[in-house]
Undergrad: 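This is the structure, below, for whatever I ask next.
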Amino acid sequence: MNRMLLKREDVYKGNLILVNKKYGCGEFGKEDLIPVREERYGVLLRQRAVVLLASLMEEIRGWNGIVPVSGFRSIQEQQKIWDGSLLENGKEFTEKFVALPGHSEHQTGLAIDLGVKMKKIDFICPAFPYSGICQTFRERAADYGFVERYPKGKEDITGIGHEPWHFRYVGVPHAAVMAQKELTLEEYVDFLKGYAFGENPFVYEQKGRWVEISYLPLPDESREILLDDRRPYSISGNNMDGCIITQWESKTASGRRNSA
């Protein structure tokens, strides 16, 4: 068994951190940021997100019709975009489509805005329709760990207007679970609180492999946990009050109960 100590600061790290109007984020390091495509686009994401995005784009030949518009932003860049939009578009539009500085997913390096390849692209609201290559991307995104972060009809939950161009890397299998259950990240991290670590994990099957996903609260102090070192695992904070623990196993689906 692998003995691991989780600390309060772990709550604010990982692919599943929730960043919105209520839960802000600090400054993230740039050590694993790499270009999404060519340097000339100037769009950066976390390395793992870039690798999965590249695989998806290769499968669907996405870069033939899609361009990266915006990825990682520093808090200073987000402030500049916020201030510029207030002047150009007004308060109502800005609050609908631009996150407050310190509360933007773009500051994590896990979010990307994509647009249809064209001569003129709107930086804040790029065109990304529910048709053609854009829809093909959208339909395959979950298999590579990406979700459409601000879907139509969920504005009251996310606090942001419908943004068909904004995608967030949350990782596998979380994107698939969210897509299947039609959950936003706000709803997903809340949903997982019903599956306590070491007691009743959420069990999900993806491509013949079983995955157990569970929640561990970390309100104040550090907590030590035991993990089976024969099974791959990942741990992410939720940026609120605890960590989400994901454990894979290579057993076949027979004899296991699917909770999905």
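Computed from a predicted model, the values in this text were never measured in an experiment.
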Undergrad: Can W248 be reached from I235 by stepping across I, L, V, M, F, W or Y side chains whose heavy atoms are under 4.5 Å apart?
TA: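 In one cluster with I235: W248, no.
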Undergrad: Below 4.5 Å, heavy atoms only, C-beta onward: do T246 and V211 meet side chain to side chain?
TA: yes
Undergrad: Find out if a path of hydrophobic residues (ILVMFWY) with successive side-chain heavy-atom gaps under 4.5 Å connects I75 to V19.
TA: no
Undergrad: Tell me, with the steps shown, if F191 and F202 meet ring-ring contact (aromatic ring centres under 6.0 Å, His included).
TA: CA-CA 10 Å; F191 164 77; F202 174 75; 5.3 Å; yes
Undergrad: To the nearest 0.5 Å, tell me how far F72 CZ sits from L44 CG.
TA: 8.0 Å
Undergrad: At their closest point, which heavy atom of P126 faces which heavy atom of W165, and how far apart are they?
TA: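 Scanning both residues, the minimum pair turns out to be O-CE3, 3.4 Å.
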Undergrad: Can you find a heavy atom in the side chain of I112 that is under 4.5 Å from one in the side chain of V43?
TA: yes
Undergrad: Kindly work out whether a path of hydrophobic side-chain contacts (I/L/V/M/F/W/Y, heavy atoms less than 4.5 Å apart) joins M118 to I124.
TA: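 Both belong to a single hydrophobic cluster.
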Undergrad: Can you name the closest pair of heavy atoms from I213 and H174 and give their distance?
TA: CG2-CE1, 3.8 Å
Undergrad: Out of the candidates R168, K154, R138, H166, only one should pair with E148 under the side-chain hydrogen bond (donor to acceptor under 3.5 Å, both in side chains) rule; please name it.
TA: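 Per the side-chain hydrogen bond (donor to acceptor under 3.5 Å, both in side chains) rule, the option paired with E148 is R138, out of R168, K154, R138, H166.
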Undergrad: Do you see a donor-acceptor pair shorter than 3.5 Å between the side chains of R73 and Q78?
TA: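 Yes - a donor-acceptor pair under 3.5 Å links their side chains.
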Undergrad: Centres of the F167 and F146 rings: under 6.0 Å?
TA: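 For F167 and F146, the ring centres are not under 6.0 Å apart.
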Undergrad: If you round to the nearest 0.5 Å, how far is SG of C243 from CE of M4?
TA: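 Rounded to the nearest 0.5 Å, the CE-SG separation comes to 10.0 Å.
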Undergrad: For K117, does the NZ atom sit with more than 12 other heavy atoms under 6.0 Å from it, leaving out its own atoms?
TA: yes
Undergrad: I need the Q135 CD to F128 CZ distance, nearest 0.5 Å.
TA: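 If we round to the nearest 0.5 Å, Q135:CD and F128:CZ are 9.0 Å apart.
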Undergrad: Take atom CD of E182 as the centre, draw a 6.0 Å sphere, and report whether it contains more than 12 heavy atoms from other residues, nucleotides or ligands.
TA: no
Undergrad: Can you sort out the partners of T108 under side chain to side chain donor-acceptor pair (under 3.5 Å), two or more places apart, ordered by chain and number?
TA: none
Undergrad: Counting only N and O atoms by type, is there a donor-acceptor contact under 3.5 Å from the side chain of D83 to the main-chain atoms of K80?
TA: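 Absent.
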Undergrad: Kindly give the heavy-atom pair with the smallest separation between G71 and L45, and that separation in Å.
TA: CA-CD2, 4.2 Å
Undergrad: As a quick check of understanding, evaluate ring-ring contact (aromatic ring centres under 6.0 Å, His included) for Y215 and Y195, giving each step before the final call.
TA: CA-CA 6 Å; Y215 164 75; Y195 297 90; over 10 Å; no
Undergrad: With distance as the sole test, does N15 use its side chain to make a donor-acceptor pair with the main-chain N or O of V170 at under 3.5 Å?
TA: no
Undergrad: Quick test of your reading of the model: are D229 and R3 salt-bridged, counting only N-O distances below 4.0 Å?
TA: no
Undergrad: Any luck finding a side-chain donor-acceptor pair between Q247 and D228 under 3.5 Å?
TA: no
Undergrad: Looking at R140, I want to see if its CZ is surrounded by more than 12 non-hydrogen atoms of other residues, nucleotides or ligands under 6.0 Å.
TA: yes
Undergrad: Main chain of L218, side chain of R8: is a donor-acceptor contact present, judged purely on distance under 3.5 Å?
TA: yes
Undergrad: Starting at CE of M178, measure out to CG of L183 and round the result to the nearest 0.5 Å.
TA: 7.0 Å
Undergrad: Would you indicate whether the side-chain heavy atoms of V172 and D143 approach each other to under 4.5 Å?
TA: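 With C-beta onward as the side chain, the pair stays apart.
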Undergrad: Taking atom types as modelled and ignoring hydrogens, do the side chains of T184 and E187 form a donor-acceptor contact shorter than 3.5 angstrom?
TA: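 Distance-only check passes for T184 and E187.
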Undergrad: Can you name the closest pair of heavy atoms from E105 and A111 and give their distance?
TA: CB-CB, 3.8 Å
Undergrad: Is there a side-chain contact (heavy atoms from CB on, under 4.5 Å) between L216 and L6? Walk through the geometry before answering.
TA: CA-CA 10 Å; L216 179 74; L6 293 179; 3.6 Å; yes
Undergrad: Which residues pass the ring-ring contact (aromatic ring centres under 6.0 Å, His included) test with F123, not counting sequence neighbours?
TA: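 Checked F123 against ring-ring contact (aromatic ring centres under 6.0 Å, His included); zero matches.
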Undergrad: What heavy-atom pair brings S214 and F197 nearest, and what distance separates the two atoms?
TA: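 So the two residues come closest at OG-CD1, 3.3 Å.
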Undergrad: Does D241 pair with K193 as a salt bridge, N-O distance under 4.0 Å?
TA: yes
Undergrad: Does N239 reach the main-chain N or O of G24 with its side chain, forming a donor-acceptor pair under 3.5 Å?
TA: yes
Undergrad: Using modelled atom types only, decide if a donor and an acceptor are shared between the side chain of S104 and the backbone of L100 within a distance under 3.5 Å.
TA: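 Pair absent, no side-chain N/O of S104 close to backbone of L100.
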Undergrad: Do I245 and I225 have side chains that approach each other closer than 4.5 Å (heavy atoms only, starting at C-beta)?
TA: yes
Undergrad: Which pairs pass side chain to side chain donor-acceptor pair (under 3.5 Å) with one or both residues in residues 90-99, sequence neighbours excluded?
TA: S85-T94
Undergrad: Would you kindly confirm whether L227 and L16 end up in one hydrophobic cluster when ILVMFWY residues are joined by side chain heavy atoms under 4.5 Å apart?
TA: no
Undergrad: Is it the case that E212 and Y204 place a side-chain donor and acceptor less than 3.5 Å from each other?
TA: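 No donor-acceptor contact under 3.5 Å links the two side chains.
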Undergrad: Are the side chain of E249 and the backbone of R231 linked by a donor-acceptor contact shorter than 3.5 Å?
TA: no
Undergrad: Should I157 and L192 be counted in the same cluster of Ile, Leu, Val, Met, Phe, Trp and Tyr side chains packed under 4.5 Å apart?
TA: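 I157 does not cluster with L192.
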Undergrad: Between L185 and V147, does the side-chain contact (heavy atoms from CB on, under 4.5 Å) criterion hold? Intermediate values first, please.
TA: CA-CA 9 Å; L185 188 54; V147 294; over 6 Å; no
Undergrad: Using the rule given for side-chain contact (heavy atoms from CB on, under 4.5 Å), can you reason through L33 versus R46, listing the C-alpha separation, both sets of side-chain angles and the distance that settles it, and then say yes or no?
TA: CA-CA 5 Å; L33 290 171; R46 300 294 166 192; 3.6 Å; yes
Undergrad: Which heavy atom in S236 sits nearest to a heavy atom in I17, and how many Å separate them?
TA: OG-N, 4.0 Å
Undergrad: About how many Å separate CG of L114 and CZ of F137, when rounded to the nearest 0.5 Å?
TA: 5.0 Å
Undergrad: Pairing donors with acceptors under 3.5 angstrom, does anything connect the side chains of Y23 and N238?
TA: no
Undergrad: Please determine whether side-chain contact (heavy atoms from CB on, under 4.5 Å) holds for the pair Y150 and H162, giving the CA-CA distance in whole Å, both sets of side-chain angles, and the decisive distance to 0.1 Å.
TA: CA-CA 5 Å; Y150 304 119; H162 176 214; 5.8 Å; no
Undergrad: More than 12 foreign heavy atoms under 6.0 Å from CD of E58: is that the case here?
TA: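 No, CD of E58 has 12 or fewer neighbouring heavy atoms, counting only those of other groups under 6.0 Å.
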Undergrad: Indicate yes or no: at least one non-hydrogen side-chain atom of N64 is less than 4.5 angstrom from one of R61.
TA: yes
Undergrad: In this structure, which one of K21, K22, R149 forms a salt bridge (charged side-chain N to carboxylate O under 4.0 Å, His left out) with E186?
TA: R149
Undergrad: I'd like to check L18 versus Y188 (side-chain heavy atoms, cut-off strictly below 4.5 Å). Are they in contact?
TA: no
Undergrad: Can you find a heavy atom in the side chain of M57 that is under 4.5 Å from one in the side chain of L53?
TA: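 The answer is yes; the side chains approach within 4.5 Å.
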Undergrad: Measure the CG-CE distance between N20 and M240 for me, rounded to the nearest 0.5 Å.
TA: 8.5 Å
Undergrad: Among S74, C25, S70, which residue satisfies the side-chain contact (heavy atoms from CB on, under 4.5 Å) criterion with H106?
TA: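 Testing each of S74, C25, S70 against H106, the sole residue satisfying side-chain contact (heavy atoms from CB on, under 4.5 Å) is S70.
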